[in-house]
Each structure stands twice: as C-alpha cells, then as structure tokens.
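Right, one structure below, let's go through it.
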Amino acid sequence: MYQNPPAAASPATSSDRRPKGSRPPPELVAAIDLGSNSFHMIVASLRGGELIVVDRLREMVRLAAGLTSARNLTPEVQLRALECLERFGQRVRDMPPGTVRAVGTNTLRAARNAQSFLIMAEQALGHPIEVISGIEEARLTYLGVAQSLAANGRRRLVMDIGGGSTEFIIGVDNTPRDKESLRLGCVSLSSTHFGDGKITSKRFRRAVLHAEQELEPIEHAFNRDHWDEAVGSSGTLRVVQRIIQAAGWSRDGITPEGLNRLADAMLTAGHVDRLALPELSLERRPIIVGGVAIVHAAFNVLRIPLMKVADGALREGLLYDLLGRLFDDDVRSRSVSALAARYHVDAVHAGRVRDTARHLFEQWPWTGAVDRDVARLWLDWAAELHEIGLDIAHSQYQKHGAYIAANADLAGFSRHEQNILAALIRAHRRKFQPKSFRELPAPWNEAGKILAVILRLAVVLNRSRHNVPPPTTLERHGNTIALRFPEGWINDHPLTSADLEQEAEYLRGADLVLTFT
C-alpha cells in the first residue's frame with residue numbers, strides 16, 4: 001500500500017483531499033517504466049486517496065543491448081520492445097487519459113532514433129510516453145523507495161542500478177535532497193567488459209575501475225560522511241542481496257565481505273554460462289557480473305558498510321507522483337515557482353500576466369486533444385516564467401528564458417514537457433514563429449501555438465507594468481481574434497493601442513488577424 005503524501009508535501013489530509021476540478025477520481029492508475037534492461041508495469045486502484053497495487057508485469061527487453069555504436073536502436077530490439085508494449089497495452093489501453101504514466105530512461109535518452117521509435121511505442125501502448133532526465137529518474141526512484149520504508153528522520157542514501165545508468169540520491173524520509181545520475185549500467189558495463197561471457201580477475205578489476213572512475217566526481221558529496229543508512233533499489237541489487245543471503249555470506253543485506261565472496265564465486269565459474277548461484281535466473285546471468293562490479297565500486301568509493309534493498313523503485317515513484325497530480329499537489333508547479341524565484345522574476349507582474357491570460361483563455365473556444373484544464377495549467381506556468389531570461393540579459397531575453405526552461409533540472413518535468421515550456425517562453429514576444437511549435441509532437445504542435453497567442457496578448461496588455469488592464473472581451477472567428485475594451489478605454493491609452501497594432505503585425509506572419517476596439 002502506498003499512502004498519501006505527508007503533510008510537508010501537501011497541506012491536505014487523506015480525508016479532505018479532492019481531485020482537481022470537478023471530475024471524480026479514477027478507479028485505476030498505472031505506471032510503466034521503459035528501462036534499459038526491463039520494462040515494468042504496475043497497476044493500482046485508488047481507494048480513499050491511497051494506492052493499492054492490483055497488478056504487476058515485467059519483461060526483460062534489454063533495450064540497451066540493442067543500442068548500436070552509432071546510438072541507434074536496432075530493428076530487432078525495437079520489435080521486441082513494441083511486442084512487450086502491445087501486451088502491456090492490452091491491460092491499460094482503455095484506461096482514461098491522464099491515469100497512465102509511461103517513462104523512458106537512459107537508453108531512450110541516448111538513442112538517436114528514439115523519437116521515431118516512441119511514435120510506434122505510443123501506438124502500441126495506447127498512452128503517451130515521456131523520456132525523463134537522469135535527475136528526474138533519481139527523484140522518482142527516491143519517492144518510490146521512500147514509500148516502501150518507514151519514516152525515521154535519518155539521512156538515507158538510495159542507489160538504483162539500471163541497464164544503462166545508475167542513480168544516487170540522498171534524502172530524509174520522503175524528501176530527496178541531493179541527486180545524481182551516472183551513465184553506468186549493468187547492461188552497458190557487462191557488454192563492455194564481459195561481452196563474450198568470460199569472467200577473469202583482470203576483466204573484473206577493469207570493470208570495477210571503470211565504475212570507480214565514473215563515481216569519482218560524486219565521491220565527495222555522496223560518501224559515508226553525508227548519510228546514515230544505505231538503501232538499494234532495482235532488480236540487480238535485489239538479486240545480489242538474495243544471492244549473498246541464500247549462500248550464507250551475509251545475514252542482513254549486502255556487505256563488503258558478502259560482495260567479495262560473490263566475486264570469488266563468479267571468478268571460479270569463469271563464464272556467465274557456468275554461474276550456478278542461488279536466486280540467479282538464466283535471463284539475468286549475462287548482466288549480473290557488470291552489476292556486481294558497479295556495486296563493488298560504489299562500496300569502495302562511497303565507503304558503504306551495509307546496504308539493505310527496498311521494495312520500492314521508479315514505477316512506484318511514478319504512481320506516487322501521479323497521485324499528487326490527480327489531487328492538485330503537482331510537483332511541477334513547485335518547480336516552476338522555484339525557478340521563478342531563482343531567476344528573480346517580478347512575481348507581481350507575472351501574476352498580472354497570468355490573471356489576464358486566464359481571463360482571455362476562458363473566452364477562447366478551446367478544442368483539440370489537450371484537455372482544457374491541462375492547457376490552463378501550462379498557460380499559468382508559462383506566464384510565471386516568461387521573464388526568467390531577464391536575469392541574464394534584457395536583449396533577446398525570451399531566448400535566454402527558453403534555454404533555461406529547456407535545460408534546467410525541473411523536478412516533475414520530462415524532456416518533452418520542458419520543450420513545451422521553452423517554446424511558450426520563446427514565443428511570448430517579438431516575431432511570432434509558428435515553426436517552433438511544429439517541432440513539438442501532436443497535439444502540442446497546435447495547442448502550444450494557441451497558448452502562445454494568448455500569452456502574447458496578456459503580455460501586451462500588461463506592458464505598462466503598473467495598471468491592471470480592464471475587463472476585455474475576446475472573440476475568435478476562424479483566423480480572426482477580436483478584442484473589445486470598455487467604451488473609450490483604448491482611445492485613452494494610445495500606448496496600448498500602438499502595442500496592439502504592433503502585435504497585429506507580428507500575428508499576421510502566422511496568418512492570424514488581430515482586431516481591437
């Protein structure tokens with residue numbers, strides 16, 4: 001059972017929390033992790049604000065093993081992945097939009113042909129798939145682990161080994177504080193050092209040294225001085241703990257002595273095909289040696305005396321995060337506010353722009369595949385952040401702001417979502433370029449352009465930065481947008497009239513006609 005977010009994360013309790021808007025809460029929610037080694041799906045029912053797992057599915061796809069030296073996914077691994085997603089889709093395809101979160105991790109971050117694969121993958125699954133950053137993967141993993149452990153106020157190091165990356169997080173109870181993601185995974189390391197299956201002392205030492213070199217930049221911030229207990233997450237660490245305990249090499253979790261005895265047993269076997277270890281499945285044999293080398297390196301570099309493995313992982317974190325979105329505790333809103341504060345945004349002015357944008361949006365005849373409530377949320381975020389680039393330079397500040405939004409570590413946002421935010425910020429002033437929205441996948445290629453127009457109008461109407469604009473009526477007829485102000489107002493405000501004339505010229509380049517009276 002995954003309980004409600006703690007009071008620190010949400011001011012509401014389980015008895016008074018309500019879903020956003022007027023819609024009833026969904027009966028089922030699901031999370032899907034398209035990992036570099038395995039694909040996982042977890043389905044849970046939502047009862048009284050709590051998540052209760054009702055179904056789990058896992059398939060070893062080995063996506064990372066199908067990544068060529070040119071960083072393209074091979075046709076064979078794509079077919080294997082699509083067949084898996086077709087099976088997952090049979091379980092979740094009929095679930096309502098917004099109740100299923102599917103994310104891709106390191107291999108899909110690295111693959112050059114990821115976008116074309118994702119189009120087919122979304123069709124197979126029946127739901128959108130996001131590619132998340134390594135830092136976001138770390139955050140979600142920590143949330144999943146935290147929900148499976150009792151809160152104790154101790155500083156906790158969480159380590160998660162994936163097929164193509166390994167995440168390290170230090171946090172307290174439900175709050176992650178320091179997060180890192182390294183391009184170091186059990187599939188990639190096994191392929192590099194044990195590709196033919198042979199296990200020798202020399203190869204193992206090289207694999208451990210390889211992993212230690214990757215860990216070196218985070219040694220100071222993540223070593224034993226900065227946490228009180230170490231917790232493992234992921235199939236690799238779970239299997240390592242089971243092997244060590246089943247063999248009697250440790251009674252309680254993973255220890256340095258247990259790891260050494262496991263490494264000796266692997267060296268004695270000499271080849272992955274001869275690994276006859278308790279709790280080690282045939283499908284995990286080819287990648288376990290690289291995983292053990294990563295664990296060895298982490299214990300050495302970070303001085304870990306003992307690690308216990310938790311049940312929670314990325315998919316549980318996805319469910320927990322989804323629960324927050326459903327109950328109006330979206331971490332993305334907190335990320336936007338934090339970014340605005342970091343870049344010293346004029347909050348009063350941003351609030352005026354947001355309020356004006358909301359007023360105009362409510363009058364817009366909204367149609368399309370993006371839910372109206374979702375679109376309004378994105379408009380709010382864009383209004384709050386539209387001036388973040390001013391902290392760098394006034395000239396072309398919309399470009400600076402777009403770069404920040406696209407490249408900052410924003411908790412809760414996928415890469416695709418940050419690109420949406422960047423496009424809205426980039427388009428809020430000066431020449432309007434619809435082509436920047438054509439680069440976004442549907443339906444945001446159309447919805448984003450509309451939101452940008454509304455944001456632009458809100459910015460123009462608040463250009464004085466002092467006076468609140470009057471109640472404005474908006475009508476849209478085809479490509480024509482008509483604004484009507486109280487009688488005589490526009491004549492009394494010639495600067496606003498001039499600004500709107502300039503805006504009409506900008507919008508004409510996008511085949512839009514702006515009129516105002």
Side-chain angles (χ1 to χ4, degrees), residues 33-38 62-65 67 71 103-111 114 131-145 156-171 176-194 204-227 230-240 254 259 287-304 307 309-310 313-314 317 407-411 414-415:
D33 166 16
L34 282 65
S36 298
N37 187 40
S38 301
R62 295 212 180 121
L63 205 62
L67 194 64
R71 290 171 51 201
V103 301
T105 55
N106 183 73
T107 298
L108 290 177
R109 291 194 289 268
V131 178
I132 57 175
S133 69
I135 296 299
E136 176 65 2
E137 183 179 353
R139 184 188 73 86
L140 290 168
T141 297
Y142 185 89
L143 292 181
V145 170
R156 179 182 294 148
L157 170 70
V158 171
M159 176 182 179
D160 180 88
I161 301 175
S165 66
T166 297
E167 282 67 48
F168 294 89
I169 314 97
I170 295 176
R177 294 181 176 174
D178 300 306
K179 304 178 288 290
E180 282 290 348
S181 178
L182 306 180
R183 293 190 63 180
L184 177 70
C186 59
V187 174
S188 54
L189 199 68
S190 295
S191 176
T192 300
H193 296 280
F194 311 100
F204 190 76
R205 285 197 301 271
R206 285 181 175 175
V208 172
L209 181 60
H210 179 162
E212 288 178 342
Q213 287 177 307
E214 294 294 326
L215 283 158
E216 190 175 10
I218 72 167
E219 176 182 3
H220 176 73
F222 285 81
N223 67 37
R224 185 68 180 84
D225 297 335
H226 301 282
W227 46 267
V231 180
S233 169
S234 75
T236 294
L237 285 164
R238 192 168 294 112
V239 168
V240 168
I254 303 172
L259 279 175
I287 59 172
I288 190 62
V289 189
V292 171
I294 294 172
V295 184
H296 258 281
F299 270 58
N300 293 341
V301 173
L302 305 183
R303 308 197 314 270
I304 301 173
M307 176 178 287
V309 182
L314 172 61
N407 293 279
D409 287 326
L410 294 180
S414 67
R415 286 182 168 186

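- L237 CG to T166 OG1: the interatomic distance, rounded to the nearest 0.5 Å, is 8.5 Å.
- M307 is not listed as a side-chain neighbour of V231, based on a closest heavy-atom distance of 4.5 Å or more.
- The shortest distance between side-chain heavy atoms of V103 and L34 does not fall below 4.5 Å.
- Of the N and O atoms on the side chains of E167 and S181, at least one donor lies less than 3.5 Å from an acceptor on the other residue.
- From N37, atom CG reaches atom CD1 of I287 across 3.5 Å, with rounding to the nearest 0.5 Å.
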Exercise for review: Begin from the C-alpha positions of V289 and L189 and carry the test side-chain contact (heavy atoms from CB on, under 4.5 Å) through to its verdict.
Suggested key: CA-CA 9 Å; V289 189; L189 199 68; over 6 Å; no

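- Looking at V240 and I288, their side chains come closer than 4.5 Å, going by heavy atoms from C-beta outward.
- Surrounding CZ of R71 are more than 12 heavy atoms belonging to other residues, nucleotides or ligands, all under 6.0 Å away.
- When all heavy atoms of T141 and L314 are compared, the closest pair comes out as OG1-CB, 3.8 Å.
- Using cut-offs of 30° and 60° on the angle between ring planes, the pair H296 and F204 is perpendicular.
- When every heavy atom of S165 is checked against every heavy atom of E137, the shortest pair comes out as OG-OE1, 3.7 Å.
- Panel note: side chain S190, backbone C186; a donor-acceptor pair is recorded below 3.5 Å.
- A donor-acceptor contact shorter than 3.5 Å links the side chain of R238 to the backbone of A310.
- Without hydrogens or angle criteria, W227 side chain to F222 main chain gives a donor-acceptor distance under 3.5 Å.
- Between the N106 side chain and the G164 main chain, a donor and an acceptor come within less than 3.5 Å of each other.
- For the pair R206 (side chain) and L209 (backbone), a donor-acceptor distance under 3.5 Å is absent.
- For D160 against S233, the heavy-atom pair with the smallest separation is OD1-OG, 3.0 Å.
- Of all heavy-atom pairs between I304 and L157, the closest is CD1-CD2, 4.1 Å.
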Review point. Hey, mind stepping through R156 and I170 against side-chain contact (heavy atoms from CB on, under 4.5 Å) and telling me if it holds?
Key: CA-CA 5 Å; R156 179 182 294 148; I170 295 176; over 6 Å; no

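- L215 CG to I294 CD1: the interatomic distance, rounded to the nearest 0.5 Å, is 8.5 Å.
- At least one donor-acceptor pair closer than 3.5 Å links the side chain of R109 to the backbone N or O of I132.
- Using a cut-off of 4.0 Å between Lys/Arg side-chain N and Asp/Glu carboxylate O, R303 and D225 are scored as salt-bridged.
- In this structure the side chain of V301 never reaches within 4.5 angstrom of the side chain of N223, judged on heavy atoms.
- The shortest non-hydrogen separation linking F168 to M159 is CE2-CG, 3.6 Å.
- A pairwise comparison of heavy atoms in T105 and V131 identifies O-CG1, 4.5 Å as the closest pair.
- Expressed to the nearest 0.5 Å, how far CZ of R139 lies from CD1 of I169 amounts to 11.0 Å.
- Separation of atoms CG (D178) and NE2 (H226) is listed at 8.5 Å; rounding is to 0.5 Å.
- Side chain of S234 to main chain of I161: a donor-acceptor pair is present (N/O by atom type, distance under 3.5 Å, no hydrogens or angles).
- Summarising the geometry, atom CD1 belonging to I218 is positioned 4.5 Å from atom CG belonging to L182; distances are rounded to the nearest 0.5 Å.
- Side-chain atoms of S188 never come within 3.5 Å of backbone atoms of L184 as a donor-acceptor pair (strictly under, hydrogens ignored).
- The main-chain N or O of T107 is found under 3.5 Å from a side-chain atom of S36 such that the two form a donor-acceptor pair.
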